[in-house]
There are 2 protein chains.
Amino acid sequence: MDAVAFAVGQWRAEAPTLDHAPTLIFGRLARYAQMLAVMNDRVLAELGLAAWELDVLDTLTRQGAPYSLTAGDLERAMLITSGTTTHRIGRLEARGYVTRSRDADDRRVVNVVLTDAGRAACVTALEALLERQRRALDALETHEQDALTTGLRALGRVLRDAPPDA
Amino acid sequence: MDAVAFAVGQWRAEAPTLDHAPTLIFGRLARYAQMLAVMNDRVLAELGLAAWELDVLDTLTRQGAPYSLTAGDLERAMLITSGTTTHRIGRLEARGYVTRSRDADDRRVVNVVLTDAGRAACVTALEALLERQRRALDALETHEQDALTTGLRALGRVLRDAPPDA
DNA sequence: GCGTATTATCTTGATGTCAAGATAATGCGT
DNA sequence: ACGCATTATCTTGACATCAAGATAATACGC
């Protein structure tokens, strides 16, 4: 009986006419994501890195050489607003992990390039994170991992199609 | 090919020696939770409610009469810090959705009680949210829903046991 | 070419959250 | 009773994020 199942039990007593089944999936998704974030933060904190910093460095690093994207590319890849993008780039630039420069062909565009220090920090952090996550998954049965992969992929399909209101 | 699978593909080209498999689960969990939050926010915004507000109201409502918890209870149920708890209660009190009073037996304790308006807002919002979520789940096959439930429950087990560092 | 619409980024102001410490009440050993 | 540790909540300061609008550069119809 986890916290979400308990909460649904409470709700079924209080409002029996409502269908609370979706909470068993979406409520868990939200709560476990929050718990995952805490776990990740603990690993990254030891390396002096915040999750949002790794988010940027990861997005740039996995592009491969020359490890460059525009501000707009980063914004779309990370699902954040343009204001947050500006802020993130500024902080990482101050830390020496990226450089920022106007594009020569289209001067509205800002090119963000990963520095060697930024790439090194990214790889170190990702190694630690993946190691921690792999150990967590080791506690799952194979069929449970398969169920998660199947279920999450299906859920992604739904959430992608769902966005528009209604 | 969703965004997470694409990112893992990029990473496997850039750093083939790393085991990126955990990302297919944990990366999706994080990203889909963010997408879910956006979906929920859209539904709640039409009702003039923020997700963190429903979080409080929901926790109180599902207790059943007399719809009361201490500040500490709320803090632990919502996985937030004490400072955030104080802030949330204050905002909802100003909005007339909860009342706050010192406990008679232990004056360190603050009792938070849901008002009728708060309970009404909670039920209305939850109905809308569940309806939206149910429609999203309708797009899933039965076996996919089962896989999700199985997988998420197992993941919850792991994340609960994992918290302590290492 | 000119003027308007569009695009890319940045700025401003507000807000929710946390970490760390302050305040205040209770419990407990002697 | 007294003093110290513990507990519950609140305060303060910093910060990441967003919404909305500003700024600046490009595209495009005429």
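A quick note: this is a predicted structure, and the numbers were derived from the prediction, not measured.
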Interatomic distance where CZ belongs to A:Arg107 and C1' belongs to C:dC10 [whole Å]: 17 Å

When you measure from the side chain of B:Arg134 to the backbone N and O of B:Leu130, does any donor-acceptor pair fall under 3.5 Å? no

Got a donor-acceptor contact below 3.5 angstrom from the A:Thr115 side chain to the A:Gly96 backbone? yes

Considering every strand and a 4.0 Å limit on heavy-atom distances, what is the contact class for A:Gly72: base, sugar-phosphate, or nothing? sugar-phosphate

Indicate whether OP1 or OP2 belonging to D:dC18 is found under 4.0 Å from a side-chain N or O atom of A:Thr84. yes

Answer yes or no: is there a donor N or O on one side and an acceptor on the other, between the side chain of A:Arg95 and the main chain of A:Arg91, under 3.5 Å? no

Distance criterion of 3.5 Å, no angle test: do you see the side chain of A:Ser82 paired donor-to-acceptor with the base of C:dC10? yes

Of A:Asp103 and A:His87, whose nearest nucleotide on DNA chain D comes first from the 5' end? A:His87

Assign A:Asp105 to base, sugar-phosphate, or nothing according to its heavy-atom contacts below 4.0 angstrom with the strands shown. sugar-phosphate

Less than 4.0 angstrom from a charged side-chain N to a carboxylate O is my criterion; do A:Arg42 and A:Glu46 meet it? no

Can a side chain N or O of B:Thr81 be found less than 4.0 Å away from OP1 or OP2 on C:dC18? yes

B:Thr70 near the nucleic acid: base, sugar-phosphate alone, or nothing, with a heavy-atom cut-off under 4.0 Å? sugar-phosphate

Just compare D:dC10, C:dT9, D:dT17 and give me whichever is closest to any side-chain atom of B:Val110. D:dC10

Can you find a donor-acceptor N/O pair under 3.5 angstrom joining the side chain of B:Arg108 to the base of D:dT9? no

Nearest nucleotide by nearest heavy atom, which residue falls closer to the 5' end of DNA chain D, B:Arg102 or B:Gln34? B:Arg102

At under 4.0 Å between heavy atoms, what does B:Arg100 touch on the DNA or RNA strands: base, sugar-phosphate, or nothing? sugar-phosphate

Is the distance from OP1 or OP2 of C:dG16 to the nearest side-chain N or O of B:Arg91 less than 4.0 Å? yes

Just how far, in rounded Å, is C1' of C:dT9 from CE of A:Met78? 14 Å

Partners passing side-chain contact (heavy atoms from CB on, under 4.5 Å) against A:Asp41 (at least two apart in sequence or in another chain): A:Ala51

In terms of the nearest nucleotide of DNA chain C, which residue is placed more toward the 5' end: B:Trp52 or A:Ile89? A:Ile89

